[in-house]
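The residues of the chain are indexed from 1 along the displayed sequence.
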Amino acid sequence: QLQLVESGGGLVQPGGSLRLSCAGSGFTLDNYYIGWFRQAPGKEREGVSCISSNGGRVYYADSGKGRFTIPRDNAKNTVYLQMNSLKPEDTATYYCAARPPSTFASATTFSTSRYIYWGQGTQVTVSS
């Protein structure tokens, strides 16, 4: 069974850091572009960051530029989302998702319909 499993969410104070993990089960993540998305209550799911299958290209939404990074460790079959200087508005459920490289185009970096595998999500709450 092909699965993505997120972990690492939790409660953190404003200005703090968290590292989310996205692990692949049943398939090899380095064959896919991996995206991180988030969804806050009452809002649409939005893209946060994306990394190419070989790690050579990374993309960030404006919300995370300068604060988030998306390292990947193909030996561990895991992609991370390192989040620094967290703000209350970063509170959301965070999801990772995978799409084949053949489907990727810059214009659709964060188009949710282009991602074929999704994790179950991990909650991030930024609050004092």
Student: Between Q82 and F68, is there a side-chain heavy-atom distance shorter than 4.5 Å?
Tutor: no
Student: Assess the residue pair I34 and L29 against the criterion (side chain to side chain contact (heavy atoms under 4.5 Å, CB included)); give the C-alpha distance rounded to whole Å, side-chain angles, the decisive distance to 0.1 Å, and a yes or no.
Tutor: CA-CA 8 Å; I34 302 299; L29 293 190; 4.1 Å; yes
Student: Do L4 and I51 belong to the same hydrophobic cluster, where Ile, Leu, Val, Met, Phe, Trp and Tyr are linked whenever their side-chain heavy atoms lie under 4.5 Å apart, directly or via other members?
Tutor: yes
Student: Taking the side chain as every heavy atom from C-beta outward, state whether E6 and W36 have any atom pair closer than 4.5 Å.
Tutor: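 Yes, at least one pair of side-chain atoms sits under 4.5 Å.
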Student: Run the numbers on S52 and N54 for side chain to side chain donor-acceptor pair (under 3.5 Å), then give the verdict.
Tutor: CA-CA 6 Å; S52 64; N54 65 4; 3.0 Å; yes
Student: In terms of relative ring orientation, are F37 and W118 parallel, tilted or perpendicular, with 30° and 60° separating the classes?
Tutor: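 The arrangement is tilted - the two ring planes meet at 30° to 60°.
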Student: Please state whether the rings of Y59 and F104 are parallel, tilted or perpendicular, taking 30° and 60° as the class boundaries.
Tutor: tilted
Student: Whether R38 and D90 form a salt bridge (side-chain N of Lys/Arg under 4.0 Å from carboxylate O of Asp/Glu) is what I want to check.
Tutor: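 The answer is yes: the pair qualifies as a salt bridge.
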Student: Run T93 and Q123 through side chain to side chain donor-acceptor pair (under 3.5 Å) and show every step you take.
Tutor: CA-CA 4 Å; T93 301; Q123 178 66 37; 2.9 Å; yes
Student: Can you tell if the side chain of Q39 reaches within under 4.5 Å of the side chain of Y95, non-hydrogen atoms only?
Tutor: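 Heavy-atom side-chain distance check passes, below 4.5 Å.
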Student: Return yes when atom CD of E44 has more than 12 non-hydrogen atoms of other residues, nucleotides or ligands closer than 6.0 Å, and no otherwise.
Tutor: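 Not more than 12 within 6.0 Å, no.
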Student: So does I116 get a backbone contact from the side chain of Y32, meaning a donor-acceptor N/O pair under 3.5 Å?
Tutor: no
Student: Side chains of L20 and M83: closer than 4.5 Å at any heavy-atom pair?
Tutor: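 Answer yes - side chains close enough.
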Student: Is there a donor-acceptor contact under 3.5 Å linking the side chains of R19 and S7?
Tutor: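 Distance-only check fails for R19 and S7.
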Student: So L81 and S49, do their side chains get closer than 4.5 Å, heavy atoms only?
Tutor: yes
Student: Would you please test D30 and S53 for side chain to side chain contact (heavy atoms under 4.5 Å, CB included) and show each step?
Tutor: CA-CA 5 Å; D30 62 7; S53 51; 5.7 Å; no
Student: Please give me the minimum heavy-atom distance between Y33 and Y115, naming the atom from each residue.
Tutor: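 Heavy atoms of Y33 and Y115 come nearest at O-CE2, 4.4 Å.
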Student: For residues S21 and T78, report the shortest heavy-atom separation together with the two atoms involved.
Tutor: CB-CG2, 4.1 Å
